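What you see is a predicted model, and the numbers here were worked out from it, not measured in a lab.
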Amino acid sequence: MSFTLAKTERLAAILSQSPVIPVLTFEDAASGVETAKALRDGGLKVLEVTLRTPASMEALKAIIDEVEGVTVGAGTVLEVEHVQDAVRVGAAFLISPGSSSRLLAAGSEAPVPFMPGVATASEAMQLAERGATFAKFFPAGPAGGPDYLKALVAPLPDLHFVPTGGITLKNAQDYLAVRNVAAVGGSWVAPTDAIRNGDWATIRALAEEAAALKAR
């Protein structure tokens, strides 16, 4: 298994496009397409579609096929089959909240960048030993927040993080101010009620606020 330089550079380029990556869960493909358009129009062009619902893969494919100007990846990748299916429909990257040996093998050998999750120093060290330079920090809030992440970054200067879990507009900048935080992931930019009600204007406005944040 390998986290190649080419895929690492590709992931770095993707994450540099936006300080906030929307973490999205959809009940149907149509709402996924409209949400993606609203987020894009608000300035957020890197999207993570979580594989948490029966419609998630269909929504992922629909966004990839129908929405121009966005880079779309699959999140909540938990199984080898998730890796295979997400790559098949065209996902540009893969994100997992954690990792297992089977998932690490499948994800690191996938043709697109794979970013597994960590919550402890030991997990981060194990990932770094495998050659990874990016990791999701999850669940960021319950795991200790920005202060814990600062402590985690100190002995691991070559590992970059994308904290997700408990991130809001109010605390996102605290995470983005931490050295080696490439971006944050958050669901607040596309609230469930706004998606269900077709309130694309609200989602676009939330995206505009998020896009104005700055990483260190």
Q: Would you name the heavy atoms of P163 and A140 that are closest together and state the gap between them?
A: CB-CB, 3.9 Å

**Q.** Qualifying ring-ring contact (aromatic ring centres under 6.0 Å, His included) pairs, either residue in residues 115-146, two or more places apart
**A.** F134-H160, F137-Y148

Q.
For the CZ atom of F3 and the OG1 atom of T8, what is their distance to the nearest 0.5 Å?
A. 8.0 Å

**Q.** Over all atoms of both residues, closest heavy-atom pair of A190 and T35
**A.** CB-CG2, 4.0 Å

Q | Side chain E109, main chain A105, donor-acceptor under 3.5 Å | A | no

(Q) Using side-chain contact (heavy atoms from CB on, under 4.5 Å), reason through R204 and E208 one step at a time and then give a plain yes or no. (A) CA-CA 6 Å; R204 184 169 62 251; E208 289 172 352; 4.0 Å; yes

(Q) Let's go through L169 and L213 carefully: what are the C-alpha distance in whole Å and the side-chain angles of both, what is the deciding distance for side-chain contact (heavy atoms from CB on, under 4.5 Å) to 0.1 Å, and is it a yes or a no? (A) CA-CA 9 Å; L169 180 64; L213 297 170; 4.2 Å; yes

Q: Just jot down the side chain to side chain contact (heavy atoms under 4.5 Å, CB included) partners of D174, sequence neighbours excluded, or say none.
A: P146, N171

Q: Using modelled atom types only, decide if a donor and an acceptor are shared between the side chain of T50 and the backbone of L24 within a distance under 3.5 Å.
A: yes

Q.
Donor-acceptor pair, distance only, cut-off 3.5 Å: does the side chain of T120 make one with the backbone of E123?
A. yes

Q. Short question: side chain of K7, backbone of S108 - any donor-acceptor pair under 3.5 Å?
A. yes

Q) Would you say I203 and L39 make side-chain contact, with heavy atoms under 4.5 Å? A) yes

(Q) I want to check something: taking the side chain as every heavy atom from C-beta on, are T192 and S187 in contact at a cut-off of under 4.5 Å? (A) no

Q.
Can you give me the closest heavy-atom contact between A62 and A29, atom names plus distance?
A. CB-CB, 3.9 Å

Q | side-chain contact (heavy atoms from CB on, under 4.5 Å) evaluation trace for D41 with W200 | A | CA-CA 10 Å; D41 294 346; W200 315 125; over 6 Å; no

Q. Taking C-beta and beyond as the side chain, do F93 and V46 meet within less than 4.5 Å on heavy atoms?
A. yes

Q: Can you see which heavy atom on A172 is nearest to which on W188, and at what distance?
A: CB-CH2, 4.0 Å

Q) Is it the case that one hydrophobic cluster holds both M125 and L103, taking links as side-chain heavy atoms less than 4.5 Å apart, direct or via other members? A) yes

Q. Between the side chain of N180 and the main-chain N/O of P157, is any donor-acceptor distance below 3.5 Å?
A. yes

Q.
Testing the basics here: between R52 and T76, what is the closest heavy-atom pair and its distance to 0.1 Å?
A. NE-OG1, 3.1 Å

**Q.** Donor-acceptor contact present, side-chain Q173 to main-chain K214, <3.5 Å
**A.** yes

Q) Taking C-beta and beyond as the side chain, do V178 and F161 meet within less than 4.5 Å on heavy atoms? A) no

Q: Using modelled atom types only, decide if a donor and an acceptor are shared between the side chain of T53 and the backbone of F26 within a distance under 3.5 Å.
A: yes

Q.
Would you compute the distance between atom CZ of R40 and atom OG of S18 and round it to the nearest 0.5 angstrom?
A. 14.5 Å

Q) In terms of hydrophobic clustering (I, L, V, M, F, W, Y; side-chain heavy atoms under 4.5 Å; direct or indirect links), are I195 and V49 co-clustered? A) yes

Q) For the hydrophobic clusters of this structure (ILVMFWY residues joined by side-chain heavy atoms under 4.5 Å, transitively), does one cluster hold both L104 and L78? A) no

Q.
I'd like to know if V70 and I21 are part of one continuous hydrophobic network [Ile/Leu/Val/Met/Phe/Trp/Tyr, side-chain heavy atoms within less than 4.5 Å].
A. no

Q. Hey, are the side chains of K136 and E48 touching, using non-hydrogen atoms and a 4.5 Å cut-off?
A. yes

